[in-house]
Structures are given as structure tokens and as C-alpha cells.
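Take a look at the structure below.
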Amino acid sequence: MKKVTLSTFAAIFLLASAFADSDKRVVHSINISVPVQMENWKNDTSLFSTDTTKNENNDVTLTGVNFNWNRMTVNDGGFSFLIGAGLGATSLNSDDLSFVDGHSGFDTGLKFGWGFAPVRSENNILALHAFFSFNLKYITSSESKNIGESSVDIESTIEYFSSAIGIDAIFVHNFSEHFGLFAGIDVSTTVLGISEIFIESNNRQLVDNDSFSFDISGRVNITPTIGICWII
């Protein structure tokens, strides 16, 4: 245990020393990204019958548009650290979960990456990172359906949390000493996630409430990004 603790502190010290180098470039970026998340949502029981069908798998694709802020630090040795935050809109598409297919809502996330910049010229930076990220989504929908002779109001809410690991490539090109173009692409997979779907049906005589829980596993997430940046 003592050796592990010492090794941990040594790693933190070396990392801090690397970024303490006074000769470094700090890139701040405001950009737009288009995340595409392809996932599997697994629930414990069937949604559409009373049969207990365990581990039902549902293919889900989440697409959106986010506005992001990123801060990337590259020191003289090439070590790079990236932190980012995003806010935007998302849409869910799923043939398996047709009752929420096409519903849209709110999306936010955080990203932390560590890596190396093999290209560090006066006008260009190319940095590669391994990263992990966190993502929250809140999706709501309200609609009316005619079932038989009755009109039924249906409200659905999806609460979503996930974490992902992946790699990215970030390219910065200076138009001037302090301003330039910021572009990148992330490729990741969801390693841990949960979602809850809450449904309320109201036919004006009876209100029925249902909820479903899902464990989320990822196939692949792809996020292209482009924006402007200023360099310190």
C-alpha cells in the first residue's frame, strides 16, 4: 500500500512538473460539436408484456448539437492537457423504443484529456489525447393519441447519465499571433451509464404512471468539432 501511495504521488508530481514549464501555449476555444452516440440500453423486464423477459436489449442512437468551451495546454516538451464543457440539444432515435423515438431535449457534458502534441510549429498544433467524459441528458415529450373512442395524453421523461473513455485529435491553426481555427474529432465508447424513462398516461378519467430503468453500454461515439480559438 505504501509503495502504491508513493507511486501515485510521484506520478502526480511528474505530471504537475511537466505542466509547470513556463514555456507553454494555452489555447481557449469556443466551438460547435455534433455528437453521435450509438448505444445499447438493457432493461430487466419486457416493456410491452407481463412476461419477465430478462436483459432485453434496445438499440439507441443519440444525436445532437452542442456549444462548447475548451482549454488546451501544451508545454514545450509536448505534453498536453485538455478540459472542456458543453451545452446543447439532443435527439433520441430507436426502433426498439418506438414510444420515445424522435424525442428531444437538453444535453450537457464535461471532458478531461491527457496526451501529447507531436506537431508544435509556430502556426500549427496537432495534439492527441486519451480522455474520459461525463454526460447528462434530460429529454421530455408530450403528445395526445386517440385510442378507441378516448383521447389519451401521454407525457414521457428520460433522465440519462453516462461516462465514456476515448481518444481525440485536436488541430489548431493560427490566423494571427493570438487567434485561429480549432478543429477536432473524438472517438469513444460508453463504459458506464444509466437511464430512467418515466411515462404518464392520462385519459381524463384515469392517470397511469410507469417507469423503466436501463443499463447503458456503448458501441461507438463519434464527435466532430470546429470553432475559433485564441492562444495565450
Side-chain angles (χ1 to χ4, degrees), residues 7-39 61-90 107-136 162-193 218-232:
S7 298
T8 302
F9 278 113
I12 294 173
F13 175 78
L14 290 173
L15 185 62
S17 299
F19 287 98
D21 191 334
S22 58
D23 190 4
K24 62 184 179 182
R25 299 167 76 179
V26 180
V27 179
H28 291 270
S29 170
I30 300 296
N31 54 73
I32 297 175
S33 63
V34 184
V36 179
Q37 299 172 235
M38 289 168 277
E39 299 176 334
T61 300
L62 295 153
T63 58
V65 176
N66 287 358
F67 295 92
N68 310 293
W69 165 82
N70 293 97
R71 183 183 191 274
M72 183 173 71
T73 302
V74 180
N75 74 0
D76 191 49
F79 294 103
S80 177
F81 173 69
L82 176 74
I83 182 171
L87 182 66
T90 188
D107 183 17
T108 186
L110 291 172
K111 174 185 174 182
F112 304 90
W114 292 264
F116 185 76
V119 177
R120 305 182 304 283
S121 67
E122 182 178 353
N123 295 320
N124 298 297
I125 298 174
L126 175 63
L128 309 174
H129 303 97
F131 70 86
F132 67 91
S133 61
F134 303 99
N135 186 237
L136 291 170
S162 70
S163 60
I165 59 172
I167 57 175
D168 71 13
I170 303 294
F171 176 72
V172 175
H173 175 72
N174 294 28
F175 294 133
S176 65
E177 183 180 358
H178 294 293
F179 294 94
L181 171 72
F182 182 98
I185 188 165
D186 297 1
V187 179
S188 65
T189 187
T190 303
V191 293
L192 175 66
R219 292 185 173 88
V220 63
N221 308 326
I222 301 174
T223 305
T225 300
I226 191 165
I228 59 173
C229 63
W230 60 100
I231 302 98
I232 302 173

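Since we're looking at a predicted model, the values are computed, not measured.
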Where does the angle between the aromatic ring planes of F134 and F132 fall among parallel (under 30°), tilted (30 to 60°) and perpendicular (over 60°)?
perpendicular
Does atom CZ (F175) have a neighbourhood of more than 12 heavy atoms from anything else shown, all under 6.0 Å?
yes
Between S29 (side chain only) and I228 (backbone N and O only), is there a donor and an acceptor less than 3.5 Å apart?
yes
Centroid separation under 6.0 Å, is that true for the rings of W230 and F179?
no
Verdict with supporting geometry, I185 and I222, side-chain contact (heavy atoms from CB on, under 4.5 Å)
CA-CA 7 Å; I185 188 165; I222 301 174; 4.1 Å; yes
Steps toward side-chain contact (heavy atoms from CB on, under 4.5 Å) verdict (S80, H129):
CA-CA 8 Å; S80 177; H129 303 97; 2.6 Å; yes
Return the set of residues passing side-chain hydrogen bond (donor to acceptor under 3.5 Å, both in side chains) with D107 (not counting sequence neighbours), or none when no residue passes.
N66, N135, K137
Derivation and outcome, side-chain contact (heavy atoms from CB on, under 4.5 Å), residues D186 and F131
CA-CA 9 Å; D186 297 1; F131 70 86; 3.9 Å; yes
Quick one: CZ on F112 to CZ on F81, what's the gap to the nearest 0.5 Å?
7.0 Å
Parallel, tilted or perpendicular: which one describes the rings of F171 and H173, with boundaries at 30° and 60°?
parallel
Close side-chain approach of D168 and T225, heavy atoms under 4.5 Å
no
Working to the nearest 0.5 angstrom, can you tell me the gap between W69 CH2 and L87 CG?
14.0 Å
What do you reckon, is CG of L110 surrounded by more than 12 foreign heavy atoms closer than 6.0 Å?
yes
Return the minimal non-hydrogen interatomic distance between V27 and C229, and the atom names on each side.
CG1-CB, 3.8 Å
State which residues pass side-chain hydrogen bond (donor to acceptor under 3.5 Å, both in side chains) with N123; sequence neighbours excluded, sorted by chain then number.
none
Between H28 and R71, is there a donor-acceptor pair closer than 3.5 Å when you use the side chain of the first and the backbone of the second?
no
V36 and its side-chain contact (heavy atoms from CB on, under 4.5 Å) partner, picked from N221, L62, V220, T63
T63
Apply side-chain hydrogen bond (donor to acceptor under 3.5 Å, both in side chains) to T223 and list each qualifying residue two or more places apart in sequence or on a separate chain.
none
Closest non-hydrogen atoms of S162 and T190, given as atom of the first, atom of the second and distance, are CB-CG2, 3.8 Å
Atom CG in L126, atom CZ in R120: separation rounded to 0.5 Å?
11.0 Å
From CG (L82) to CE (M72), nearest 0.5 Å:
7.0 Å
Trace of the side-chain contact (heavy atoms from CB on, under 4.5 Å) decision for I167 with L128:
CA-CA 7 Å; I167 57 175; L128 309 174; over 6 Å; no
Working to the nearest 0.5 angstrom, can you tell me the gap between I125 CD1 and N174 CG?
6.5 Å
Say you draw a straight line from CD1 of I165 to OG of S133; how long is it, rounded to the nearest 0.5 Å?
9.5 Å
